[in-house]
Amino acid sequence: MPTADQSPLILVDGSSYLFRAYHVPYLQALSTADGQPTGAITGVLNMIRSLKKDYPNGNVVVVFDAKGKTFRNDMYAEYKANRPPMPDDLRSQIAPIHDIIAAMGLPLLVVEGVEADDVIGTLSHQATALGIETVISTGDKDMAQLVNPHVRLINTMTNVEMDEAAVIEKFGVRPDQIIDYLALVGDKVDNIPGVDKCGPKTAVKWLAKYPSLQEVMAHANEVKGKVGENLRSALAHLPLSYELATIKLDVELEQSVTELKPATADTETLRALYKKYELRRLLADLDKNSDSDEQDADAQDTAGQQNSPEVVAEYDIIRDQASFNTWLEKLNAAKLFAFDTETTSLDYMQAKLVGLSFCVEVGKAAYVPLAHDYADAPEQLDLDWVLAALKPLLESDSVLKVGQNLKYDANVLSHYGIAMQGIAFDTMLESYCLNSVATRHNMDALAEKYLGYKTVHFEDIAGKGAKQLTFNQIDIEKAGHYAAEDADITLRLHQAIYPQLAKIPSQLSVYNDIEIPLLPVLARMEQNGVLIDCDMLAQQSQTIATRLSELEIEAHNIAGKSFNLSSPKQLQVILFEELEIPVIKKTPKGAPSTAEEVLQELALDYPLPKVILENRGLSKLKSTYTDKLPLLVQPKTNRVHTSYHQAVTATGRLSSTDPNLQNIPIRSEEGRKIRLAFIAPPEHKIVAIDYSQIELRIMAHLSDDPGLVKAFSEGKDVHKATAAEIFAVPLDEVTSDQRRSAKAVNFGLIYGMSAFGLAKQLHVPRHTAQAYMDKYFERYPNVAKYMDDTRQQASDDGYVETLFGRRLYLPDIKAKNAMRKKAAERAAINAPMQGTAADIIKKAMLDVDAWIQQQNDDRIKMTMQVHDELIFEIHQDIVEETTAAIVEIMNNTVTMSVPLIAEAGVGDNWEQAH
DNA sequence: CGGGAGACGTA
DNA sequence: GTACGTCTCCCGC
């Protein structure tokens, strides 16, 4: 039985047929006895009927233009200005058509502000992304721009089908050149200006010589004769014509393509409507077929419940060349397939490939075991042979892949000489962009949330703990089911999540324009790794160890007994019970706190806290950094390779683990020394470039506060400027203490602070902190307004957004618990700033990486990202010009109402580079 | 052996 | 006051 996913999508351009049917002479004559014209109704309905006959499996969706102006009128007031208003006898037929289509149970879309073309473009674009075949039924030649291997046109009135080859035959240009063609030729009816005297022949001639409108325009001077002059004088308006001729692919729709499913026909309403409009043939059909029609509708409805976990799965385990070749052909023919690797380790640097799984069509997946090596493991296909056969496919840009965390698979495959391309979709990132906090984004959680399906867990087949097997030790049958299911589930998840994402253009663009392109960039950075001076760290560990034992003896002496300095619980007893030191603060669970700030304060009056503080700081440094980092050096590369996690944080930041390179010490003197061990290879320099005050600049931009914008635009020291405002003193009389307070206020604002929090931070009374804040909001009123608006938006919509439309949902914003609600409000204030900063540096990474790729010079490597900072290794011979170029790219990544400033440091190690 | 608590490293 | 990851201790399985 064919699954729902195979049924083609039939998009009907209702408006195009409406006009054409209206002008057909024999239809014009039709009307009801009381004079209501019905020719257009009949024409459109006949056409839908014939489509349903030609595509019995088809999922028919009908789209009409909405009344009123569209965005094209905003772009160009003259758009369609020559069109006469719609005749009344046509207008009166629209509502009946809509009613009848609705009663038939067909999805009907009428979207204001755009044309039917744009809705169709968007739906066909979504369908292509999901691997769904699409047929667009239209009489409009402009739609030829939408044709691709999976989208074709059918003119139902002439019965002419048009695929890519047919477009080339009819127009003489490829589908992707149709917009260029239309812009050059222009359109009298729609009032789109082209090039005078340039008709189809000339446009084709030009586009054969130069591949795009842009190129034609670039070479306008080479075109001779009168038409050449016309081309040159059209240069100014051609971009507009191009825009007007471009069908939108990202219209915001209430329902995504997979949600548009037929409902059961409302036979009674349909009968009444057919009677009313005297559509005798349709009425006769309805009575004749009423039973079977309803059955059809039911059958379609059931099939429409996609992603049902009940669908019988066919999982192949491929161990012979013939079956493999059959699958290879399937993959080659597919526009999109899901893909997963099975390996021996979660660590992409250590992982050895054990098998591969694929899925082209939901419910049908294959596992290719390659390196199962338990006793009695059956013979498997040769790993090198399989990889060689798959290499062209995996490296093809035009065969699209979907996976779950493909960065991992790409990293593993890179060690087998395969540079994956065509990474088009990643379900982990889809879920993350849709809602970063609704769920974790691992496959098990996604399958449960989006498919209601419990997957086989790795632990179910491998066991857990020290006895856990690695994948190569697992029985091929068990492993095959698990692995094939992973590929199958991945495709199902994609079909479930992507359409939801596609409904919101800004979220789709965060996915398509930031996260997906960032994936290979992060993979490259991870592969690059960073160079560590292990000897230096070992020496530091030695020094710290000596000091730690001194401190331990000292602490035991003061306490009068031996205890574990790193046990907060034992320390509590010593400090607050035995030494009877007063309790300053309690932990959330109610125990007396021994946190740093408490010990700092106690250190003024007692000797032990000071010793503990130094001990804690040093033991953290030793265990987390000086001892640990050398253990993480990969023998293969002699470098440390972190993992950047792209789907972890609520706000859009990256995170880093194994090791976390984003919390290497910098604040304390001893801590900073660890950065001395982050070194450059011979003849290279470490270059660190960070965005100065990026979050405050974003606050200035988002709030559009004149005072704050001015301070940044004039390149002032913004904390000093803030101090001058708060304390009402001239700029050059601001004391360092005032500047420090102002800085705390600025940071506090980014964190959604209260006067209480500020008071604690600054060690001033609450009313003093309140006075600072009042004064601040008085001097920067738009900041106050922005904060209020943000809180309001969070409360109204349940989410806040970054400048680029990345959303953070805040379910707690409606919490009954006041603490949680307040916390959600602070997160709401912080997220747009932290998140926009994350978006910006991600975009900068894309730009910088693209530039580095273009240089094609392996003396330039991007190695780390630390939220507002990028770190590079650059050869000493080119360090100056390369650094300048990267700074320039980072400064111009986005344009805001305040300048974005990147500052570079160069050195032999990370410490020097600061 | 797993996981919570408490502490502390970063932006 | 925001956002993270990792360490140790220590309880309970």
Side-chain angles (χ1 to χ4, degrees), chain A residues 436-437 459 464-468 563-572 585-600 612-613 615-629 632 642-645 648-668 670-672 674-675 690-696 699 744-762 769 773 787 800 808 810 819 822-835 837-838 841 864-869 910:
Chain A
S436 65
V437 291
E459 278 148 27
K464 55 179 184 165
K467 281 178 294 185
Q468 188 172 63
F563 69 102
N564 186 341
L565 275 70
S566 31
S567 167
K569 214 174 164 189
Q570 292 184 29
L571 183 63
Q572 275 164 29
K585 195 186 124 183
K586 298 205 168 174
T587 67
K589 291 261 298 178
S593 168
T594 64
E596 192 205 37
E597 52 163 329
V598 174
L599 298 189
Q600 288 290 5
I612 299 292
L613 279 171
N615 175 284
R616 274 193 187 157
L618 289 176
S619 60
K620 178 80 179 177
L621 290 181
K622 184 166 183 293
S623 63
T624 312
Y625 306 106
T626 59
D627 285 352
K628 191 67 192 296
L629 282 172
L632 292 165
T642 186
S643 290
Y644 288 106
H645 300 280
V648 168
T649 71
T651 53
R653 276 187 176 179
L654 298 175
S655 80
S656 154
T657 64
D658 310 300
N660 180 355
L661 293 182
Q662 295 180 319
N663 71 344
I664 303 300
I666 190 167
R667 287 171 196 168
S668 76
E670 323 84 82
R672 197 153 51 234
I674 289 168
R675 292 185 175 225
D690 72 309
Y691 278 121
S692 149
Q693 309 281 13
I694 187 166
E695 291 187 11
L696 265 185
M699 184 166 90
V745 174
N746 278 329
F747 273 98
L749 283 164
I750 292 171
Y751 297 151
M753 71 166 177
S754 61
F756 179 78
L758 182 64
K760 219 167 67 173
Q761 171 77 22
L762 289 175
M773 284 177 65
M787 300 284 165
V800 290
L808 173 60
L810 298 150
M819 268 239 299
K822 284 280 175 203
E825 283 181 4
R826 291 191 296 267
I829 297 289
N830 176 255
M833 291 181 268
Q834 190 184 119
I841 193 144
M864 289 191 268
Q865 188 253 41
V866 190
H867 306 311
D868 64 359
E869 175 185 14
W910 195 5

Touch check for [X], heavy atoms < 4.0 angstrom, all strands: base, sugar-phosphate only, or nothing?
| X | answer |
| --- | --- |
| A/Ala466 | sugar-phosphate |
| A/Asn615 | nothing |
| A/Lys822 | nothing |
| A/Asp690 | nothing |
| A/Ser754 | base |
| A/Phe756 | sugar-phosphate |

> Which is the 5'-most and which the 3'-most nucleotide of DNA chain C that has an atom under 4.0 Å from a heavy atom of chain A?
Replying inline: C/dG1 to C/dC11
> If the sugar-phosphate is the primed atoms plus P, OP1 and OP2 and the base is the rest, what is the B/S/- string for nucleotides 6-11 of chain B, using protein heavy atoms under 4.0 Å?
Replying inline: SSBBBB
> Under the salt bridge (Lys or Arg N to Asp or Glu O under 4.0 Å) test, which residues partner A/Glu670, sequence neighbours left out?
Replying inline: none
> Excluding sequence neighbours, so at least two apart, what forms salt bridge (Lys or Arg N to Asp or Glu O under 4.0 Å) with A/Lys620?
Replying inline: none
> If you take all heavy atoms of A/Val598 and A/Lys585, which pair is closest and at what distance?
Replying inline: CG2-CB, 3.8 Å
> Taking all atoms of both residues into account, what is the closest heavy-atom pair of A/Leu661 and A/Trp910, and its distance?
Replying inline: O-CH2, 3.8 Å
> How would you list, by chain and number, every residue that makes a ring-ring contact (aromatic ring centres under 6.0 Å, His included) with A/Tyr644, sequence neighbours excluded?
Replying inline: none
> Taking atom CD1 of A/Ile694 and atom CD of A/Glu869, what is their separation to the nearest 0.5 Å?
Replying inline: 12.5 Å
>> Test of understanding: with side chain to side chain contact (heavy atoms under 4.5 Å, CB included), list the residues that count as partners of A/Ser566, not counting sequence neighbours.
In response: A/Asn564
> Is A/Tyr751 close to A/Leu758 at the side-chain level, that is, under 4.5 Å between some pair of heavy atoms?
Replying inline: no
